[in-house]
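Worksheet: the structure to be examined is printed underneath.
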There are 2 protein chains.
Amino acid sequence: MENQDLKRAGLKVTLPRMKILEILEISNKKHMSAEDIYKVLLETGDEIGLATIYRVLTQFESAGLVIRHHFESGQAVFELESGKHHDHLICVKCGKIVEFLDEAIEAKQNEIAQKNGFLISDHSLIIYGICDNKSCQQ
Amino acid sequence: MENQDLKRAGLKVTLPRMKILEILEISNKKHMSAEDIYKVLLETGDEIGLATIYRVLTQFESAGLVIRHHFESGQAVFELESGKHHDHLICVKCGKIVEFLDEAIEAKQNEIAQKNGFLISDHSLIIYGICDNKSCQQ
DNA sequence: ATGTATGCAAAACATTTGCACCTGG
DNA sequence: CCAGGTGCAAATGTTTTGCATACAT
């Protein structure tokens, strides 16, 4: 019952918000741009303005429902906040994204921040490479 | 003699290229956006078009003279390629940037990429936080 | 009812490109 | 001289915003 999530976030339960949340939940792509979501909505016959999608995603971000990433693509992508922090491994050829979490790296980061007098608020680790997909091997 | 760098990169030694390289070298800000560089040039009285700055920076990047970063600011920033890979610690309040390198993290990353069948090509680790500057403490 | 949301079009940015002119080697 | 570089203006792509209308509670 994701409507609860919206209400809890202090957002009215409207059609655009429900649809967008639903797409983020059921899509097999876990990281979607505003445009990606817009296209899916068009296919479904739901006519939601791109501006609304941006507004809703920004609200979702503020509410902690989604996380916005700036991968090198030039477009921001959004993923549902799962509660479990993780980092990303991205295939530069096919765009495949693998999530991972490494406690040793996390610990080291905290150590580094502390050593430099920083109170850590967030971090972003992205590893770019070529995955073992047949079509990506040259 | 940075002119050599330009020649070695197969680029003609022109005024805009020299100026831009010089700014990147002498500026106390090691990470500058195209706009930052443009402003410095205006102050110096050198009228170089913003388009040229973007073109030159892109060429420098291809030539391996500079590295382009996409920090969350929406603008790309460029830093001189020092030859020594490093990651960044950024203060979200004052913008201060500290560079660091941690061998353990680097090693772990390779391990993770390999474990997931990725041939690593690059990576980006950015830690965001609040630095110990007086003015940044609340 | 009424405060919020949405749609649309226009604006705001960052970046790129076309093209006529200029310049370095 | 001549290929390549630059300036300017216009085009592009992404995201934001103003405003009149529509909707949830």
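Per chain, numbering begins at 1; letters A, B, ... match sequence-line order.
Note that NZ of A/K39 is 9.5 Å distant from CE of A/M32, once rounded to the nearest 0.5 Å.
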query = Once each nucleotide of nucleotides 19-24 of chain C is scored for protein heavy atoms under 4.0 Å, what B/S/- sequence comes out, 5' to 3'?
reply = -----B

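Within a heavy-atom distance below 4.0 Å of DNA chain D, the residues of residues 17-46 of chain B found are B/R17. For residues 59-81 of chain B, proximity to DNA chain C is found at B/G74, B/Q75, B/A76, defined as any non-hydrogen atom under 4.0 angstrom from a strand atom.
Side-chain N/O atoms of A/Y54 include none lying less than 4.0 angstrom from OP1 or OP2 on D/dT16.
Comparing B/L50 and A/L11, the nucleotide of DNA chain C nearest to each residue sits closer to the 5' end for A/L11.
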query = Reading DNA chain D 5' to 3', how would its secondary structure be written in dot-bracket notation, given Watson-Crick and G-U pairs with both distances under 3.5 Å, brackets [ ] for crossing pairs and | for partners on other strands?
reply = |||||||||||||||||||||||||

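Note on residues 62-87 of chain A: pairs passing salt bridge (charged side-chain N to carboxylate O under 4.0 Å, His left out), not counting sequence neighbours, are A/E61-A/R68. For residues 91-110 of chain B, there are no ring pair (Phe, Tyr, Trp, His ring centres under 6.0 Å) pairs, not counting sequence neighbours.
Using a 3.5 Å distance cut-off with no hydrogens or angles, the side chains of A/H85 and A/E106 do pair a donor with an acceptor.
Between the side chain of A/E25 and the backbone N or O of A/L80 there is no donor-acceptor pair closer than 3.5 Å. A side-chain donor-acceptor contact under 3.5 Å links A/T44 to the backbone of A/V40.
Atoms CD1 (A/I53) and P (C/dT6) sit 11 Å apart, rounded to a whole Å.
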request  = Output, in order, the C-alpha distance, side-chain angles, deciding distance and verdict of side chain to side chain contact (heavy atoms under 4.5 Å, CB included) for A/V77 and A/F71.
outcome  = CA-CA 7 Å; A/V77 296; A/F71 297 156; 3.7 Å; yes

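Minimum interatomic distance between B/V66 and B/L57 (heavy atoms only, all atoms of both residues): CG2-O, 3.8 Å.
Classified by interplanar angle (parallel below 30°, tilted 30° to 60°, perpendicular above 60°), the ring pair B/H31/B/H69 is tilted.
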